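Just below is one structure, and these are the notes that go with it.
In what follows, residues are counted from 1 in the order of the sequence shown. These figures come from a predicted structure and were not determined experimentally.
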Amino acid sequence: MKELIGDPSLIGELRNARRHRTPWLGKGAIRNVDSFFSVNDLEKLINQGGIWSPERLQVFLDNQPLPAQNIFQSKQTPAGPKPEISLRKLQEVLRRGCSVVLNDVCPVSPGVMKLREIFADWTQGKLECNVYFSQKDHQAFPIHYDVHDVFAIQVAGKKHWQIFSKATEYPINHPIFTNRKQMNAGDTAGPALLDFEFEPGDLLYIPSGFFHHAMCKEDRSLHLSFGLVEMIGMDVISLAFETAIREEFFRTPVNSMISEKDPVDFYLRKWAARIKDLSTDPEFKKLVAANLKSFRYRSEELSIKPLDSD
């Protein structure tokens, strides 16, 4: 993290904010943001029309997504029709003040990939990055929370942010949480926890579940948003499920194992005992430890070297 944030005190503040799940703003934390990503990089990416699909490039206007057909057209290929971005159509909607979101840009931007590796080394979690290009007085998203921690970096222009104290503790990507991610402006319950202008080089941390929104009030704004997902108890349950498949007890019909008196209680006590055995099994402990250690994404590179003459 030292190669990204030069001030050790800011790194300490960010570490403390993560520990206590508190939104945090580091003004001017990143002095060389243009060396990682810039407006020119955004233009170059979008102009590579063939890499974009309706899922990866989205356009919003005043809290509403534009239909894909407003941006994409069908192109015939040997494998059949496929959507292809129309840069002419995109230029037209940009004149209307639309916002553009590029999803999962790490594989197509070396600079963003470098940033991801810095954050991944520091957090040991999985990170993906979206790019947000916004225009004056047009908001892409209403007040909402994310189901992952966010590290946002302002690249160009300014954006006004508000982060509210109202939060959902540790939401995950499940309909129970994703179906209620948005909040009415009247439900914010008091002043914002953070209310600030996001400027180039600023770094923002928002723990998952904290309601927030942002608006570009001057000209244009460009920022990167890294979503962080860490290993949680549900991941351990998934590992336990895969391990339990090999155990005869967990494959046996429940009705064949219950007694007539308190049948469900009888079975669950046996089930809990087996789960306890699993949780203390040395091999399962190794499995959990290995997954925790390797949970983060790691960048890979292919190197084509000359064949050895031997």
Quiz item: If you look at every heavy atom in K158 and C216, which pair is closest and at what distance?
Solution: O-SG, 3.9 Å

Quiz prompt | Gap separating the CE atom of M234 from the NE2 atom of H174, nearest 0.5 angstrom | solution = 7.5 Å

Self-check item: Residue pairs, two or more places apart or on separate chains, that pass side chain to side chain donor-acceptor pair (under 3.5 Å) and touch residues 224-250
Solution: R18-E230

Quiz item: S74 versus P83: any side-chain heavy-atom pair under 4.5 Å?
Solution: no

Quiz item: What side chain to side chain donor-acceptor pair (under 3.5 Å) pairs are there with at least one residue in residues 282-295, not counting sequence neighbours?
Solution: none

Quiz item: Can you check whether A214's main-chain N or O pairs, donor with acceptor, with Q139's side chain at less than 3.5 Å?
Solution: yes

Quiz prompt | For S9, all residues meeting side chain to side chain donor-acceptor pair (under 3.5 Å), sequence neighbours excluded | solution = D7

Quiz item: Does NZ in K89 sit with more than 12 non-hydrogen atoms of other residues, nucleotides or ligands closer than 6.0 Å?
Solution: yes

Exercise. Any side chain to side chain donor-acceptor pair (under 3.5 Å) involving residues 26-35? Give me the pairs, sequence neighbours left out, ordered by first then second residue.
Key: K27-E199, K27-D202, N32-S35

Self-check item: Pairwise side-chain contact, L14 with L203, heavy-atom cut-off 4.5 Å (strictly under)
Solution: yes

Quiz item: Taking E13 for the side chain and G26 for the main chain, is one N or O donor matched with an acceptor at less than 3.5 Å?
Solution: no

Quiz prompt | L45 side chain reached by D41 side chain, heavy atoms, under 4.5 Å | solution = no

Practice problem: Might you point out which heavy atoms bring I143 and F164 nearest each other, and give the distance in Å? | Solution: CD1-CE1, 4.1 Å

Quiz item: How far apart are the C-alpha atoms of V93 and V100, what are their side-chain angles, what is the distance that settles it, and do they pass the side chain to side chain contact (heavy atoms under 4.5 Å, CB included) test?
Solution: CA-CA 10 Å; V93 299; V100 177; over 6 Å; no

Quiz item: Can you tell if the side chain of I163 reaches within under 4.5 Å of the side chain of L204, non-hydrogen atoms only?
Solution: yes

Practice problem: List in chain and number order the residues that pass side chain to side chain donor-acceptor pair (under 3.5 Å) with S134, two or more places apart in sequence or in another chain; answer none if no residue qualifies. | Solution: K159

Quiz prompt | Hydrophobic cluster identity match, L228 and I11, side-chain contacts under 4.5 Å | solution = yes

Practice problem: Give me the other members of the hydrophobic cluster that F266 sits in, counting Ile, Leu, Val, Met, Phe, Trp and Tyr linked by side-chain heavy atoms under 4.5 Å, directly or via other members. | Solution: none

Quiz prompt | Where Y297 and L127 come nearest, the two heavy atoms and their spacing | solution = CD1-O, 3.4 Å

Contacts table for residues 57-73: side-chain donor-acceptor under 3.5 angstrom, sequence neighbours left out:
unit_1: Q58; atom_1: OE1; unit_2: N103; atom_2: ND2; d: 3.0
unit_1: D62; atom_1: OD1; unit_2: H138; atom_2: ND1; d: 2.9

Exercise. To the nearest 0.5 Å, tell me how far R116 CZ sits from C129 SG.
Key: 9.5 Å

Quiz item: Step by step, would you call L102 with W52 a side chain to side chain contact (heavy atoms under 4.5 Å, CB included)?
Solution: CA-CA 9 Å; L102 307 182; W52 302 112; 3.9 Å; yes

Self-check item: Within residues 76-117 or reaching into it, pairs that qualify as ring-ring contact (aromatic ring centres under 6.0 Å, His included) - sequence neighbours excluded
Solution: none

Quiz item: Can you name the closest pair of heavy atoms from I172 and F177 and give their distance?
Solution: O-CB, 3.4 Å

Practice problem: Mind jotting down which residue pairs meet the ring-ring contact (aromatic ring centres under 6.0 Å, His included) criterion with at least one end in residues 9-48? Sequence neighbours excluded, please. | Solution: none

Practice problem: Just do the side chain to side chain contact (heavy atoms under 4.5 Å, CB included) check on L87 and I46 with the steps written out, would you? | Solution: CA-CA 8 Å; L87 296 179; I46 294 179; 3.9 Å; yes

Quiz item: Can you check whether F284's main-chain N or O pairs, donor with acceptor, with D281's side chain at less than 3.5 Å?
Solution: yes

Self-check item: Separation between CD of Q162 and CG of L194, rounded to the nearest 0.5 Å
Solution: 10.0 Å

Quiz prompt | Separation between NE2 of H213 and CH2 of W161, rounded to the nearest 0.5 Å | solution = 10.0 Å

Quiz item: Is there a side-chain contact between M1 and D121 (heavy atoms, below 4.5 Å)?
Solution: no

Quiz item: Which hydrophobic side chains are connected to I245, either touching it within the sub-4.5 Å cutoff or through other members that do?
Solution: F241

Quiz item: In the hydrophobic clustering (ILVMFWY, side-chain contacts below 4.5 Å, transitive), which residues join V264, or is it alone?
Solution: F249, F250, V254, M257, I258, Y267, L268, W271, I275

Quiz item: Can you tell me how far the CG atom of L115 sits from the CD1 atom of I30, to the nearest 0.5 Å?
Solution: 6.5 Å

Quiz item: What residues form a side chain to side chain donor-acceptor pair (under 3.5 Å) with R21, not counting sequence neighbours?
Solution: S208

Quiz item: Hey, would you say the Y145 and F210 ring centroids sit under 6.0 Å apart?
Solution: no

Self-check item: Considering all heavy atoms, the nearest F226-C106 contact
Solution: CE2-SG, 4.5 Å

Practice problem: Answer yes or no: is there a donor N or O on one side and an acceptor on the other, between the side chain of K126 and the main chain of F295, under 3.5 Å? | Solution: yes

Self-check item: Donor-acceptor contact present, side-chain Q154 to main-chain G157, <3.5 Å
Solution: yes

Exercise. Considering only NZ, NE, NH1 and NH2 on the basic side and carboxylate oxygens on the acidic side, decide whether R88 and E92 come within less than 4.0 Å.
Key: yes

Quiz prompt | Smallest separation among heavy atoms of W122 and R15, with atom names | solution = NE1-NH2, 3.6 Å

Quiz item: Any side-chain heavy atom of I206 sitting closer than 4.5 Å to one from D146?
Solution: no

Quiz item: What's the spacing between E117 CD and S299 OG if we round to 0.5 Å?
Solution: 3.5 Å

Quiz item: Would a 4.5 Å heavy-atom cut-off, applied to side chains only, mark M231 and L239 as touching?
Solution: yes

